[in-house]
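Accompanying notes for the structure given below.
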Amino acid sequence: MIDRIRTLLSGHPMIPLDFSALSDDANLYDAGLTSFASVQMMLALEEEFDVEFPEAMLTRRTFASLANIAEAVSQITRKAA
Amino acid sequence: MNVVSKIEAAAPAAAVEAPAERMRRVVAVAVEHGDAVDREGRFPAETVEALKRERLLSVAIPAEYGGEGLGTAAVADLIAQLAQACGSSAMIYAMHQIKTSSFVMHGTGSEWHRAYMRRIAAEQLLMASATTEAGIGGNLRNSICAIEVEDGRFRLTKEAIVISYGNYADAILATARRAPDAASSDQIMVVIPNDANRTIDRTVVWDTLGMRGTCSDGFHLEAVGNAAQIFPKPFSEIAAQSMLASSHIYWAATWFGIAADAFNRAQAFVKAAARKQTDGTLPPGALRLAEAAAKLQEMKGHLMAAIHRFDAAQVDAARGDDAALSSIGFAAEINALKVAASEKAGEVVRIALLVNGILGYKNGTPFSVGRHLRDTASAPVMISNDRILSNTATLLLMSRFDTSLGG
């Protein structure tokens, strides 16, 4: 899951982070993630996994690291299944 | 018994009188000097001295560090009270309180910051902020300058194009990149006391339409010091969890107070005119007064709702659940408060001017609202409303509007 997310976000022109250099738990905000880029990230994830993040998950913490994102996406897909 | 004596020992002797009562005396000072501060564009030294004398600079600091532990609503009330006398003084007091909230929410994990909070209370120190910098285009979540830390010491040089009351503050809280090789948004905040370890040289003079007494000059700032002066939390967290909300709430409280005073002047004008009319008619501006009252009420309702939301989120955060505080929806709501309050304050003052007519337009009458008009003109440009709206537009892609009325 994390690898799929890493690949997806690495190829995104609007998210200027070097995901190959970031560990699963690295804080993406500290690495330069802006609120604009985090929205782009959410939109890309929703498109890729065909899901919609519920309001309760739309916090800074959800998008703070690749591990957090993977956890959130798997939670949503589990619920949808 | 032990608990009681502990509480008594922690409470400062001067704090027996209610803060609002002490602020009333400060307001009297601010009323006396407000016009001169505005005309001369000078620091409201008498008012700030009175704030210190009344120990009002430490009201929001927890009692265990020598303060009075006031919450957001109580602090906002004090700001609005002062704003009815002098917009510049109130904005200075508001900015000090925003910096205080950073200490209270993000400084308790560090011995240095806990000790400095005790000093703020004991010595009534005034805090200022150096977040803006030449070249960042107004986005305070970016820094060009970087702090350099070596062997427990730091060194920082910053081209701060705005430090409100920088020449008069007892300490400046400055942002910078965490290290020379850090990303522009990977920032820290450091406390720089006004001592031999820092120099500030004025590079830009604050000569403006309004808020003239804030003396928000630009400075070349150089400082060295103990690395422990750096806040233990990253600035991204401080900005999102305390600064954004406290800034917009305390700024809005300032604008609300200014607008309320303009409203009071218009109301006094209408009453005076009504008394002169024997046929029971009201002056033509009377209808406008009702319109202004509705707008003032909207401002108040919005502000109170935001304070309520922030306080609830802070209570959750204190219990270890910061989901509400860091939610996208909360950020969008707080942004909306800034935009709405800044626009509405100007509208209320403009209506008051229409009501008061030429006596409102002239300086030095009991109905003058010129200073109110100029002071509130700063509101939509103090972090541009357009910048905030475009940020909110982005946030709205990832949040839904909360339609709950609290039932």
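The shortest non-hydrogen separation linking B:Arg400 to A:Leu58 is NH1-CD1, 4.3 Å. Scanning both residues, A:Ala31 and B:Ala183, for their nearest heavy atoms gives O-CB, 3.8 Å.
Contacts of B:Ala331 with chain A are absent, with no heavy-atom separation under 4.5 Å from either backbone or side chain. For a residue to count as touching a neighbouring chain, one of its non-hydrogen atoms must lie under 4.5 Å from one of that chain's; by this rule A:Pro16 does not touch chain B. For a residue to count as touching a neighbouring chain, one of its non-hydrogen atoms must lie under 4.5 Å from one of that chain's; by this rule A:Glu46 does not touch chain B. Contact of A:Thr62 with chain B is not made at all, since no heavy-atom distance falls under 4.5 Å.
To the nearest 0.5 Å, atom CD1 of residue B:Ile188 and atom CG of residue A:Asp30 are 12.0 Å apart. For the atom pair CE (A:Met57) and OG (B:Ser327), the distance works out to 14.5 Å, reported to the nearest 0.5 Å. Note that the CG atom of A:Leu33 and the CG atom of B:Asp186 stand 12.0 Å from one another [nearest 0.5 Å]. The CZ atom of A:Phe63 sits 11.5 Å away from the OG atom of B:Ser326 when rounded to the nearest 0.5 Å. Here B:Met398 contributes atom CE and A:Gln40 contributes atom CD; the two are 10.0 Å apart, rounded to the nearest 0.5 Å.
Side-chain contact between A:Arg60 and B:Ser236 is present, with heavy atoms from C-beta onward closer than 4.5 Å. Contact check for B:Ile328 versus A:Thr59: no side-chain heavy atoms found under the 4.5 Å cut-off.
For CE of A:Met1, the number of neighbouring non-hydrogen atoms (other residues, nucleotides, ligands) closer than 6.0 Å is greater than 12. The neighbour count for A:Asp18 CG, taken as heavy atoms of other residues, nucleotides or ligands under 6.0 Å away, is above 12. At most 12 non-hydrogen atoms from other residues, nucleotides or ligands lie less than 6.0 angstrom from CD of A:Glu47.
Between A:Arg61 and B:Glu237, no side-chain nitrogen of the basic residue sits less than 4.0 Å from a carboxylate oxygen of the acidic one, so the salt-bridge criterion is not met.
By number of non-hydrogen pairs under 4.5 angstrom with chain A, the leading residue of B:Leu395, B:Asn391, B:Asp402, B:Asp322 is B:Asp322.
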